[in-house]
Number of protein chains: 2
Amino acid sequence: MHRISCQTCPMQKCALFTPHSEEQKEFLEDFKSGELSVEPGTQILLEGSSAPQIYTVLEGMGLRDKTLENGRRQVLNFVLPGDFLGLQASVMGEMMHSIEAVTEMRLCVFRREDLWTLFRTQPALAYDVTWIAAAEEHFLGETVATLGQRDGTERVAWALLKLYQRLRGLGLEKAGQVPLPFRQQDLADALGLSLVHTNKTLSRLRSDDMADWSDGKLSVPDIQALAELAVTDPEALPRRPFL
Amino acid sequence: MHRISCQTCPMQKCALFTPHSEEQKEFLEDFKSGELSVEPGTQILLEGSSAPQIYTVLEGMGLRDKTLENGRRQVLNFVLPGDFLGLQASVMGEMMHSIEAVTEMRLCVFRREDLWTLFRTQPALAYDVTWIAAAEEHFLGETVATLGQRDGTERVAWALLKLYQRLRGLGLEKAGQVPLPFRQQDLADALGLSLVHTNKTLSRLRSDDMADWSDGKLSVPDIQALAELAVTDPEALPRRPFL
DNA sequence: CGGGCCCTTGAGTGTCCTCAAGTTATGTGG
DNA sequence: CCACATAACTTGAGGACACTCAAGGGCCCG
């Protein structure tokens, strides 16, 4: 495995992300301390530890989760390419959730101490980091509203819609299908539903032609209809910065 | 009402907040564009609007909430003194939730356009802004875990504990009580529970001597016991930056 | 004194949970 | 090549936690 230059980073090409200036690419080239490839099941960041690294996901998917004292697990978000990992640990000193690889993943690695240099010398990139944190906060706010106010069917519909939109934005759609290599248990833990109920809800959505998630692939025949079921707007995702 | 200088800002004295350097205080003095006092019930920031301002809460309390297309309301967080409001609108262009004053409030007002100047000239303060965003993200993550994995009693206990800790950190405890001027409906909407169920749960906690919230005041006889009920650590809050 | 707003309490219902069993696909070792 | 084990997905049955509906009480204010 060889190192990819930021100059030719595949992320740059994806229309979802705002491109960097020449100067920024040069800085990031330095900022990047290496690459990391991990197998499915690997814990990338651990709850309670103070990770010395920050990552940007280049390829593969994972899960952000948090386990309570009583052992129950909450999935906070699904980790997709372009996601920025470890900022919490960097600014606050400690991760409060874990990140686990679900598929094989390739990560761009940054050194935590260099983040301060970024803030001193690259205000525009610092602003981007804040943008990313605010966007994450915004998404978690939507999740809170979902768990608090939507019933089971609406939750599942909402989650599938969001994932479909995100994956499509990344250009991963092929023949009307996007890859979604998670387990039903993961979705259940993300939505605060039992596995059994999640399974039955998914079956219903499938037979109602609202959304079909099977064999690790998701297809949505009618986005508008699914969005209505999810009590949400089917708005496309905005362009966003990345590192 | 007269303007308070950042030099003598009451926030500076609260042990919960990390103090600013002299240079930072001078910058903030300029950054601050004024003060705002609002009556209970006032909408400070509106969902879907692009507010031109950012605020720091000096006094009073409020609510951050979000309403779904079907009309149901989710309270995202309780707004307390020291909180930083409007960052999402500033970096992302639009608020995705509203903020409403519950008591009379006094706010420190910043101009949105000046945020960029802050990032260019005050990297340490920019870092603080990111810290705040990350902390907010962290808290919302805990909330997601609460709504997803805790039952009714645990949720109420968790919320009361968090609020008690925050208010105590602000030095608002008097004779074993902290002020909590919200309605039961607000707590219900924050926890995804019905008003009726929230009410019954609060009664139970009261008669079990776990937590007593009545007449707008909250007291917690045994923090440790409440924390156990809430399936959480009764850890004190860390020091945090503010603007 | 009437009307709101908030808190309180009781009764009946339903969504979602747990328990349990069975199917399919994949992999491992004899 | 087949017995066995494991992991994920399915499906059915019964129960519980939390919901809605409904009504009443305390308080403040016009």
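The basis for the numbers below is simple: all heavy atoms, side chains too, and nothing from hydrogens, waters or symmetry mates. Per chain, numbering begins at 1; letters A, B, ... match sequence-line order.
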How many Å lie between [atom1] on [X] and [atom2] on [N], as a whole number?
X        : N      : atom1 : atom2 : result
B/Arg183 : C/dT8  : CZ    : C1'   : 16 Å
B/Asp186 : C/dC5  : CG    : P     : 14 Å
A/Asp189 : D/dA8  : CG    : P     : 12 Å
B/Leu195 : C/dG10 : CG    : P     : 15 Å
A/Gln184 : C/dC17 : CD    : C1'   : 17 Å
B/Gln149 : C/dC17 : CD    : P     : 10 Å

Open item on the list: Taking CG in A/Asp215 as the centre, count heavy atoms belonging to other residues, nucleotides or ligands within less than 6.0 Å. Is the count above 12?
Closed with: no

Task: Residues in contact with DNA chain C, drawn from residues 198-215 of chain B - heavy-atom cutoff 4.0 Å - done: B/Asn199, B/Lys200, B/Ser203, B/Arg206

Task: Sole candidate of A/Leu226, A/Thr146, A/Thr153 that passes side chain to side chain contact (heavy atoms under 4.5 Å, CB included) when paired with A/Trp158 - done: A/Thr146

Open item on the list: Measuring only between side-chain heavy atoms, which start at C-beta, is A/His97 closer than 4.5 Å to A/Asn77?
Closed with: no

- [ ] Taking the side chain as every heavy atom from C-beta outward, state whether B/Leu167 and B/Leu80 have any pair of such atoms under 4.5 Å apart.
- [x] yes

Quick one: does any side-chain atom of [X] pair with a main-chain N or O of [Y] as donor and acceptor, under 3.5 Å?
X        : Y        : value
A/Arg150 : A/Ala230 : yes
B/Gln165 : B/Pro234 : yes
A/Arg166 : A/Phe78  : yes

Which nucleotide sits closest to the side chain of [X]: [options]?
X        : options                : result
B/Asp151 : C/dC16, C/dC19, D/dA18 : D/dA18
A/Leu193 : C/dC17, D/dA18, C/dT8  : C/dC17
B/His197 : D/dT20, C/dC7, D/dA18  : D/dA18
A/Ser194 : C/dC16, D/dT10, C/dT18 : C/dT18

TODO: Determine the contact category for B/Gly216: base if any of its heavy atoms lies under 4.0 Å from a base atom, sugar-phosphate if only primed atoms, P, OP1 or OP2 are that close, otherwise nothing.
DONE: nothing

Open item on the list: Can you tell me if A/Gln185 touches the phosphate of D/dA7, counting only side-chain N or O atoms and a distance under 4.0 Å to OP1 or OP2?
Closed with: no

